[in-house]
Q: 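I'd like to ask some things about the structure below.
Numbering of ligands and ligand atoms starts at 1, following listing order.
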Amino acid sequence: MINIAIFASGNGSNAQKIIEHFKGNSLITVQLVLSNNKNAFVLERANNLGVITHVFTRSTFYESKEVLELLGHHKINFIVLAGFMWLIPKYLVKAFHKAIVNIHPALLPKYGGKGMYGDNVHRAVKEAGENESGITIHYVNEAYDEGDTIFQATCEISPSDTAQVIASKVHVLEYQHYPEVIESVIKKSFKNS
Ligand code: GAR
């Protein structure tokens, strides 16, 4: 069994789609949802779907091995970031080499890096007058949004689209592709195990 841990900081609509996608899968399961935010709605979603949750603080995450030990305890082999807003520390990148993926709500390398998350991204895309945006699914390394790209999909933007409309077009792409891409990356990565 391949056990996934999802890291999320907020609403968790992607986390929910991913959990639902793998329900009943005999090879891959979402074992844990972790968050840096005790008020994140993702925790409620996970509880409702019967997935164990865990909340950690900044110092726990960056200055201790508690999270790593928890992942070991639950035999986690793969990490999915779904709206997780903190940089992944070195020790996790090292322990999960090519086994952490993220989704970014724009076409990297544009509109990435520190501070570029959620609606900030869609506002920047709108202000720049882009006629398309989209999603980037990529491996995670020690820098924000710089790991190798795995998959991109695009959507058109009309001049009248608000940042909110762009966000909803991007969310449609996220729900449509992220669970499938995760499944295909895992199948390729663990095909001999
Ligand atoms: C998603 O659009 C995701 O791409 C974005 O946060 C949103 C979370 O929504 N992630 C980033 O901006 C990471 N830099 P959700 O909590 O409803 O899944």
Q: May I ask you to say whether Arg123 pairs ionically with Glu127, meaning some side-chain N is under 4.0 Å from a carboxylate O?
A: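 A salt bridge is absent here (no side-chain N lies under 4.0 Å from a carboxylate O).
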Q: Compare all side-chain heavy atoms of Gln31 with those of Ile76 and state whether any distance is below 4.5 angstrom.
A: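 With C-beta onward as the side chain, the pair touches.
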Q: Does NZ or CZ of Lys17 come closer than 6.0 Å to the centre of the six-membered ring of Tyr175, within 45° of the ring's axis?
A: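 Yes - Lys17 lies over the ring of Tyr175, closer than 6.0 Å to its centre and within 45° of its axis.
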Q: Looking at Gly113, is its backbone amide N or carbonyl O close enough to the side chain of Asp145 to form a donor-acceptor pair, meaning the two atoms are under 3.5 Å apart?
A: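 Present.
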Q: Would you check ligand 1 and list the protein residues that come within less than 4.0 Å of it by any heavy atom, ordered by chain and number?
A: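 For ligand 1, the contacting residues are Asn11, Gly12, Ser13, Asn14, Gly83, Met85, Ile103, His104, Pro105, Met116, Tyr117, Gly118, His171, Glu174.
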Q: Can a donor-acceptor pair be found, under 3.5 Å and without considering hydrogens, that links the side chain of Asn48 to the backbone of Arg45?
A: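 Between the backbone of Arg45 and the side chain of Asn48 there is no qualifying donor-acceptor contact (under 3.5 Å).
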Q: If you draw a 6.0 Å radius around CD in Glu20, do more than 12 non-hydrogen atoms from other residues or ligands fall strictly inside?
A: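 Yes, the 6.0 Å shell around CD holds more than 12 heavy atoms from other groups.
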